[in-house]
2 protein chains.
Amino acid sequence: MTQTRSSRRVPRGEKRRDEIAAVAERVFLERGYSETTMQHIADYAGASKETLYRHFGCKGTLFSEVMRRRSSEVMSGEEDGALCGSPPEVLFSLALNLLHLLTRADSLRLYRVVVAETPREPELGRIFYGQGPGRILTRLTDYLDETGKKGELNVPNPSLAARLFIGSVTTFHQIQGLAMQATFPDAELQIHAREAVALFLARYGA
Amino acid sequence: MTQTRSSRRVPRGEKRRDEIAAVAERVFLERGYSETTMQHIADYAGASKETLYRHFGCKGTLFSEVMRRRSSEVMSGEEDGALCGSPPEVLFSLALNLLHLLTRADSLRLYRVVVAETPREPELGRIFYGQGPGRILTRLTDYLDETGKKGELNVPNPSLAARLFIGSVTTFHQIQGLAMQATFPDAELQIHAREAVALFLARYGA
DNA sequence: CGATAACCGAACTCGTGGGTACAGTTAATA
DNA sequence: TATTAACTGTACCCACGAGTTCGGTTATCG
């Protein structure tokens with residue numbers, strides 16, 4: 001009857017490390033870097049501070065590792081297959097996926113933390129950009145380039161066109177999510193996506 | 001010879017208050033809320049902590065007041081006259097002004113702080129949005145609406161069109177500024193602005 | 001000139017959080 | 001089942017920052 005804690009087998013080694021990292025990710029995303037204490041993470045994970053420090057050395061390292069990994073998975077799941085299909089279909093589906101992705105609460109939280117902590121941790125910003133916006137930009141640029149060469153679109157400057165499209169899709173919902181904690185009904189996202197595609201095709205359609 | 005300090009007449013009352021607020025604004029923008037200490041502000045202002053607390057009560061109040069005022073002046077100077085002129089001119093000039101505004105270091109700093117501190121201070125986000133992006137959106141929407149009625153443009157949904165335009169102009173430069181500390185030559189901003197206008201007019205031109 | 005209220009500097013309290021130490025417990029492995 | 005390394009919990013150290021206090025200085029106003 002010495003079962004003080006919640007009768008749970010506590011794993012060792014890498015498994016424990018991963019559990020703690022997962023908890024730390026959640027807490028950092030919810031409260032930001034400086035509002036998160038190591039004790040808080042330890043409590044949530046049912047761990048002791050000593051274990052945190054044995055695995056990660058210090059708070060900054062834990063934060064970096066965890067946010068870095070998360071930044072590398074911004075797009076996980078969504079939008080992984082290569083862009084293919086007719087331009088209207090591809091663009092609409094990309095637009096809708098983007099809107100869904102970046103109005104999700106945890107995406108906004110990640111963006112918030114990255115923006116806030118990049119001055120203290122410049123590499124974090126670069127990783128996030130490369131894995132998130134940068135990757136999408138590259139893929140869309142490639143798609144526009146190829147499609148242009150096939151004559152299905154008329155896009156003199158694919159990279160510029162891609163930036164304009166992605167911007168037109170995402171900006172306002174993101175700003176409103178960040179600054180006003182706004183949420184959006186799916187119908188509105190669909191209308192927005194549809195019109196963004198129409199705008200794009202009005203100039204770059206073949 | 002008791003002239004320890006830098007032989008400067010230190011004003012009293014409101015003037016001193018304003019000096020301190022100005023210093024606090026700079027420091028908060030540079031270091032964020034939690035990385036800024038009251039002592040640091042006091043040192044920069046050549047003031048004592050007691051004076052800070054007499055004028056502002058506590059750190060949170062000082063931060064709120066100073067960031068709130070700053071948020072209300074996001075657009076000061078730029079873009080204050082009513083939008084008027086032919087659509088291509090108005091749109092191009094708006095686009096260029098926006099790009100200049102939000103690639104400026106202090107604009108990025110303000111945005112960064114607002115995004116970071118909005119969870120702790122929701123009103124800050126609302127004020128910023130209302131005085132910054134929201135105001136621009138409203139003004140452009142009104143302009144598009146009027147111009148549409150005059151038959152110079154064909155804009156069924158002015159608010160949506162305005163969001164698409166502003167987004168296409170701003171997004172990527174802002175993200176790159178925030179996450180990569182990138183800077184941009186003026187020529188690039190001009191090209192971007194020009195193409196954003198062309199894109200818009202391809203769909204909404206009369 | 002005074003008088004006085006605002007100011008400064010410095011020393012203080014107090015809570016908190018990063019990080020460490022240690023004694024007891026438990027999962028893993030042979 | 002015996003051994004051991006990894007774990008937990010607690011108590012601890014130390015630095016630092018918010019906010020206060022106070023004696024001395026100085027701008028301001030009559």
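Residue numbering restarts at 1 for every chain, and letters A, B, ... go by the order of the sequence lines.
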A cation-pi test, strictly: NZ or CZ of K59(B) under 6.0 Å from the centre of the six-membered ring of Y33(B) and no more than 45 degrees from its axis. Yes or no? yes
Atom CD of E19(A) and atom C1' of dT8(D) are separated, to the nearest Å, by 14 Å
For nucleotides 2-7 of chain C, give me one character per nucleotide, 5' to 3': B if any protein heavy atom sits under 4.0 Å from the base, S if the only such contacts are to the sugar-phosphate, - if neither. ---BBB
Is there a donor-acceptor contact under 3.5 Å from the side chain of H192(B) to the main chain of V169(B)? yes
Under 4.0 Å, heavy atom to any atom of DNA chain C: which of residues 35-42 of chain A qualify? T36(A), T37(A), M38(A)
From CZ (R194(A)) to CG (L189(A)), nearest 0.5 Å: 11.0 Å
Would you call E19(B) and R16(B) a salt bridge, taking side-chain N to carboxylate O under 4.0 Å as the test? yes
Taking T170(A) for the side chain and I166(A) for the main chain, is one N or O donor matched with an acceptor at less than 3.5 Å? yes
So, N97(A) side chain and S93(A) main chain: donor-acceptor pair closer than 3.5 Å or not? yes
Is a salt bridge present between R70(B) and D106(B), judged by a nitrogen-to-oxygen distance below 4.0 Å? yes
Provide, to the nearest angstrom, the distance between the NZ atom belonging to K49(A) and the P atom belonging to dG19(C). 9 Å
Round to a whole Å and report the spacing from OH of Y53(B) to P of dC8(C). 15 Å
side-chain N/O R9(A) vs dA28(C) OP1/OP2, d < 4.0 Å: yes
Which whole-number value in Å describes the distance from F56(A) CZ to dC7(D) P? 10 Å
Tell me: CG of L62(B) to P of dA18(D), nearest whole Å? 11 Å
Of all residues at least two apart in sequence or in a different chain, which pass the salt bridge (charged side-chain N to carboxylate O under 4.0 Å, His left out) check with D142(A)? none
In whole angstrom, what separates F63(B)'s CZ from dG19(D)'s P? 14 Å
Between dG18(C) and K59(A), counting only base atoms on the nucleotide and side-chain atoms on the residue, is there a donor-acceptor pair under 3.5 Å? no
Within 45° of the axis and under 6.0 Å from the centre of the six-membered ring of F63(A), does NZ or CZ of R120(A) qualify? yes
Can you measure Y44(B) atom OH to dC8(C) atom P for me and round it to whole angstrom units? 18 Å
Length of the OH-C1' vector between Y33(A) and dG18(C), whole Å: 9 Å
